[in-house]
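In what follows, a single structure is set out as structure tokens and then discussed.
Letters A, B, ... are given to chains in the order of the sequence lines, protein chains preceding strands, and every chain is numbered from 1.
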Amino acid sequence: MNSSLLISQADRRPMYLQIMEQIRHRIAVGDWAPGYELPSIRALAAAVQVSVITVKRAYLELERDGVIVTRQGKGSFVADRADLSLQLRRGELDAHLIAAAGIGRMLGMTADELAARLRAVSDGGAAGAPSDESENEA
Amino acid sequence: MSDLVIDVAGVSKTYRFFRLTDVDLRLEAGQILGFVGPNGAGKTTTIRILMGMLRADRGSVRVLGHAMPKAQAIAKADIGFVSEDLRLHAAATLGWHIRLVAAIYPSWDAAYAATLLSRFNLHPEQPIKALSHGERVKAALLLVLARRPRLLLLDEPTTGLDPVARHEILGELMDVVRDERRAILFSSHNTQDVEQISDQITFIDRGRIIDASDKETFLDRWRRLQFDVPAGMSVPALPGAVSSATSGRVVVVTTKAYGPELEAAVQRAGLAVREVQRMTLEEIFVANVMSTRHEEAR
């Protein structure tokens, strides 16, 4: 089935966010191309056994974000934008970077220090555990 | 909205040891309503009033546009009701029940009944008394689903079922509302089932409706906030706060009105929130019942 999204009750995020994330991901990896017709709200709700109102909310927010378009009486489609998949993949990356920046701030790191750290990680130079952690173990 | 399949306003009914007070209940076509309450809260009494089996002392009851219990004969043709006691004849076979229901209701869909038999792994030649509890629930559900009624009233349909049977039944219920003219009310104290498939949720306790809203609003508005409060400071009264628990410097506030207004109030107080937690429907339900009972006790 093409609408096999994985919704988990053990996931702490609300179900509508899980649905949005999975749809974004299907588009990001190219499974659902621009113009692709999404399952109807009721069909997807039945397929994943999640209430209609939850799927409706996910579709509305994806529409607001410009990821999908809904044509009255016709259905919902992946937005017709050539750069959509790339943008969504960048969005996924940004989400991780924002989380990393938050942790950096908590550790009192400047943006430059964080950038340097990122370069080190990209070069594969961060394999070793941070020094203070190994001290704790001693 | 004119497309209300259930429209109940101000319904009361008094018994010697129990009273249903001022019950309002609305359900639109195309939706599933989860009717949640502890045992003895009045769920079954309310459903029996909807079915026209009981007459309310006060208030108005309209189901599928018909006044109940006056028009119950017409309304019932389009309502599928499964009570907690299932009302199957133990000695008769499932096939006997199927032939009986098919003879009474012209809307009986034999092909759908056959599909359900195989999906539920039931056999017409089985006598009811030989079935497990889960199989009996599925049999009772099959008998109403295959009539394709516009409204399903299900009293505790998933209580006492194993996870596989629950999954099968929830799946069939979701299938029903693929058709946006149809609707389901199901009562339950299993909040997980309700959280999963309901569009609307109504909480009942001690004969009163204590809260009602669409599910997304419930899950969005209820939060637990944890503050680490420095010495000499305190947590101000916050919008929608229903409870507050203090343990040393840690204060946990439960609110039913999380949003920008609350965030602003926290900021004005100069407090840092350590954690904002979402709540499951079960936690919301329990917090709701406890705070309502607490207020009534005052």
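- In this structure, Arg147(B) has no salt bridge (charged side-chain N to carboxylate O under 4.0 Å, His left out) partners at least two apart in sequence or on a different chain.
- Dense packing is recorded around CZ of Arg13(A), with more than 12 heavy atoms of other residues, nucleotides or ligands lying under 6.0 Å away.
- Within residues 166-178 of chain B, the residues having any heavy atom closer than 4.5 Å to a heavy atom of chain A are His167(B), Leu170(B), Gly171(B), Met174(B), Asp175(B), Val177(B), Arg178(B), listed by residue number.
- Contact residues of residues 51-72 of chain A toward chain B are Ser51(A), Val52(A), Ile53(A), Thr54(A), Arg57(A) (heavy-atom distance under 4.5 Å).
- Within residues 211-229 of chain B, the residues approaching chain A closer than 4.5 Å by heavy atoms are, in numerical order, Asp214(B), Lys215(B), Glu216(B), Asp220(B).
- Around atom CZ of Arg81(A), more than 12 heavy atoms belonging to other residues, nucleotides or ligands sit under 6.0 Å away.
- Dense packing is recorded around CD of Glu84(B), with more than 12 heavy atoms of other residues, nucleotides or ligands lying under 6.0 Å away.
- The local environment of CD in Gln267(B) is sparse, with at most 12 non-hydrogen atoms from other residues, nucleotides or ligands closer than 6.0 Å.
- Minimum interatomic distance between Gln196(B) and Met15(A) (heavy atoms only, all atoms of both residues): CA-CE, 4.0 Å.
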